[in-house]
Amino acid sequence: MSILLDGRTRVLIVGASGRQAQRHVPFMREYGTRVVAGVASGRTVDFEASYPIFDSVSESIKAIGTIDLAVLFVPASRALDAAAETLGNGIGTTVVLAEGVPFRDGIEITRMAEDFGLRVIGPNCQGIISPGRAKVGASGGKSPARMFKPGRVGVVSRSGGMGAETCWLLSRAGIGQSTYVSIGGEAITGSRLADIARLFEGDPQTDAIVCFGEPGTDQEEVLANDIASGAITKPVIAYITGTFVEQLGTGRSFGHAGSMIGTNTGSPSGKRRLLQEAGALVAERWRDVPNLVGEVVSTCTST
Amino acid sequence: MAALLESDAKWLLRRHGIAVPRGMVCASPSDVAHAFDELKTAVVVKALIPSKGKQLAGGIHFAESSAEAVQAATRLLGVSIAGFKVREVLVEIRERLSRQIYVCVELDFQAKSYRLTVAANGGAGVERELANGVGRSLHFYPGALPWAYQVRDLLVDCGLQGEVLLRTPEVIVGICRAALEADATLLEVNPLGILEDGTSCAIGVLASVDESSVYRQPDLAPRSIPHVDQLLRPLTAWEAEVDALNRSMPDGGDIRFSEFPDGDIGMMVLGGGAGLMALDAVARGGGRPANFLDMTSAAGQAEEKLYRLTKLFLAIKRLRGLFIGSNIGAFLPVPIRMRGITRAIREDLSTKGRFPVVIRLAGIGDDEVDPIIEGLRITYFRDEVTLEDAIEAFMRQVEATA
C-alpha cells in the first residue's frame, strides 16, 4: 500500500498557476498521481490546465468531491494562508513545499494541524514518492525511475536531496522503496522523523525503515525513544550526517535552519549513540546503508 | 537568524509602547559629549555590537560627567569586543531601579511554540540563577498572547509580591507582542527595571529576528545584521564576497556560506544534506574543509551564479583543491551548471595546474558534458560513483599534489 500516497490518492494542487506547479504537475501526472483538481485563486479566467481549476479549496471540494491530499506549490509568504485553507477544509494531508517559511508561520501551521488532527508534511520539503505508484512534489523530476524503484523499504529524510539519493543508492543495490517522504529541513516541521516512522510501522508493505538524519533538533532522539519503547518494531537503518560540524560546537546552523546543535540535543554523535542503544543499525558511511538493509531485510523474508 | 543592535531592539520595544531609557546612539566622542549635555544626568555608555546573548564583558561603563562619558566612549569606540568592532555606542540615562526582573521571549523549536520566561532577579548573573531553576515559563502561540493574569501567575510563582504585580504583567505581555510582531526568535529584556514609581523600563535588551521574515518587516530589514547571530563573529572577507554576490542577484540570492578559516579544501556542494555529508567525507580523508556552502539554484540565474561563485573559490589562495558536487539533479540540467563552472575555470590563470578540481554532477543532460570540459584538467563524475566515492578520489588527488 505504501504510506500517505498511492495511485488512488485524490490530490489537489494549490498554487496551480505558478511556475513550480506548471513544471512539476505534468511529471506527477505522467508518473501516475491522481490529480483531481487545482486551485489558482483569481486566475481561473486566464489560466488553463488539463485538469479542473478552481478559485478556492472549498469550491474544488464542492465540485469534485473528496480530496485526500493537498500539495502547496505556493511561495513561502503564502504558505500559512494556504495551509490554513486546506486544513480548515478538512483535507487529511497537506504537503508544504516552500522554502523560507517564517518560523512564526511554521508554528501556526503545525499548531493548526494538531488542533484539527490532520497531517502536515514540511515546509521546505521535496515531497512524497511511492515508487511505481505516485508522487507529489519534485522528486525525480521527469524521470523518477532513474532514482526510485518500487519495493518494501520506507525512506524518510530531513534532507530532500540526500533522501532521494539514498533511494538511488538502495535502488542500485536492488532494494526498492515503498514510499520516500522528505520531511524538510526546518526546525519547525509538520511531521517529524518519528511520525513518519510510525506510519511505516503500520504499513504492511514496508519491511524496514531507512532514515537520513542531520545535526540539530531532537527528531532522531525521539525516534530512538520510539524504537526503545517498542512503538517501532520494524528494523531501522539510519545514517546521520554532521560529524564534522559537531566539532565546531553548538549554536551554529548550516544550510537547514534545523541543523543547529543545541546544548542538550542535536549532536550527531548523540543521535547515533541513542539510535544504536535503542536497537537501530547506524551506518558509519552512507554507502553502507544498502548492506545494512540487506542484513535485516533478508532476515525478515527468510522467516 | 539576524541580530539587532541594542539600540534597534529598544526602538522595537518603544514602537510597542514599552518604555526604554532615554538615550542616543553616538559614533564619536564629540557625539557623546553632546548626548551628555542633552541628557543632563548620570549615564550608561554601552558598546553597540550584535551579541548572541552574553552580557558584553567590558562593554558597559557608567559616567557621571561629560568627561567620564567621553573617556568611556574613547575606550570603547574602535575596539574589538567578542570579535566585533565597536563603531557606535549607546549613551542613555542611568535609571534608578528598585528591582530588576528578567524577561525572555524566545522560539522553542522542540515545543513548536514561543516560550516566555521570567525570573525575579535579573541583571548580571541571571544565567546562573536560571540554570538553578528559578525561572518560570509559559508557552504561547501566535494567535494568542498570554493573558496578563497568566504572566502575573508566573511572577507570583517567582516569589514576587505587592506593587510590582500591578502593571508589570501588561508590560511583559507587550514584550511578547513585540516579539511576535517582529518575527523575533529571541527578545530578552534583562533587566526589565522597575523604577521607584512602580513603572517599568527595559534597561538591557537583546534581540534576534527570523531572516525568513525580512520580506514582511520593512522597518526591521535595514536594522538587522544577517548571519552574525549564528556565526558569533563578523563576516570574513570571503563570506562578505559571497554575501555581496547574493545581494547582487535579482532573486535576492540564496547561497548560505560559512568559512572555516583554518581549512584549505574548497567545497562547492549544493544541497544542505549533501554539503554536510561532503564535509564528513573530506574530514575522513584527512582534509580540512575551508567552508560550508548550500544553495538552491533558480534555473534562470544558475549559470551566472555558479560562474561567479566558482571564481570566488578560485581566488582563495590558500586552497589546495576544489570539490564541486550536488545530489543527482532532477531539474536543472547539468550542462547549465557546468558551463558556468567551466567558464570560471577557463578564465582563471592562477590555479592552472595548481590544484585538483573534481566535479561530481549527475542528472539531466549529464551525457552532454564532454564538449564543455574539453581540454580542462579536471576530473568529472556522473552517477557512476557516489558523492562520498568522488570525494575520496578527490582527496587522493589532493594528497598526491601536496
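All values below were derived from every heavy atom in this structure, side-chain atoms included, with hydrogens, water molecules and symmetry-related copies excluded.
Contacts of A:T243 with chain B are made by both backbone and side-chain atoms, with heavy-atom separations under 4.5 Å. For chain B, no part of A:Q126 is nearby; none of its heavy atoms comes within less than 4.5 Å. There is no contact between B:L293 and chain A, counting heavy-atom distances below 4.5 Å. Only the side chain of B:A283 comes within less than 4.5 Å of a heavy atom in chain A; its backbone stays farther off. With a 4.5 angstrom heavy-atom cutoff, A:F27 does not touch chain B via any of its atoms. Contacts between B:E181 and chain A at a heavy-atom distance below 4.5 Å involve the backbone alone (N, CA, C, O). Looking at A:V101, the atoms closer than 4.5 Å to chain B (heavy atoms on both sides) all sit in the backbone: N, CA, C or O. Only the side chain of A:R192 has a heavy atom closer than 4.5 Å to any heavy atom of chain B.
A pairwise comparison of heavy atoms in A:S182 and A:C125 identifies O-CB, 3.0 Å as the closest pair. Of all the heavy atoms in B:M267 and B:P289, the pair that sits closest is CG-CB, 4.1 Å.
Between chain B and the options A:S139, A:G213, A:G161, the largest number of non-hydrogen pairs under 4.5 Å is found for A:G161. Options B:T386, B:L279, B:D383, B:I364 differ in how many heavy-atom pairs under 4.5 Å they form with chain A, and the most are formed by B:D383. Ranked by heavy-atom pairs under 4.5 Å with chain A, the list B:A362, B:G271, B:A274, B:G143 is led by B:A274. By number of non-hydrogen pairs under 4.5 angstrom with chain B, the leading residue of A:G140, A:S77, A:A164 is A:S77. Among B:V214, B:D280, B:L107, the residue making the largest number of heavy-atom pairs under 4.5 Å with chain A is B:D280. Interface check for chain A: of the options B:S326, B:A281, B:G363, B:G329, the most heavy-atom pairs under 4.5 Å are formed by B:G363.
Atom CE of A:M162 is separated from atom CG of B:L387 by 6.5 Å, given to the nearest 0.5 angstrom. Once rounded to the nearest 0.5 Å, the distance linking CG of B:L186 with OG of B:S208 reads 5.0 Å.
Under the 6.0 Å distance and 45° angle rule, A:R111 counts as a cation-pi partner of B:Y141.
Using modelled atom types and a 3.5 Å distance limit, the side chains of B:N291 and B:E259 yield no donor-acceptor pair. Residues A:T241 and A:W286 have side chains that never bring a donor and an acceptor to within less than 3.5 angstrom of each other.
Checked against the 6.0 Å centroid threshold, A:F244 and B:F260 count as a close aromatic pair. A ring-centre distance under 6.0 Å is found for B:W238 and B:F257.
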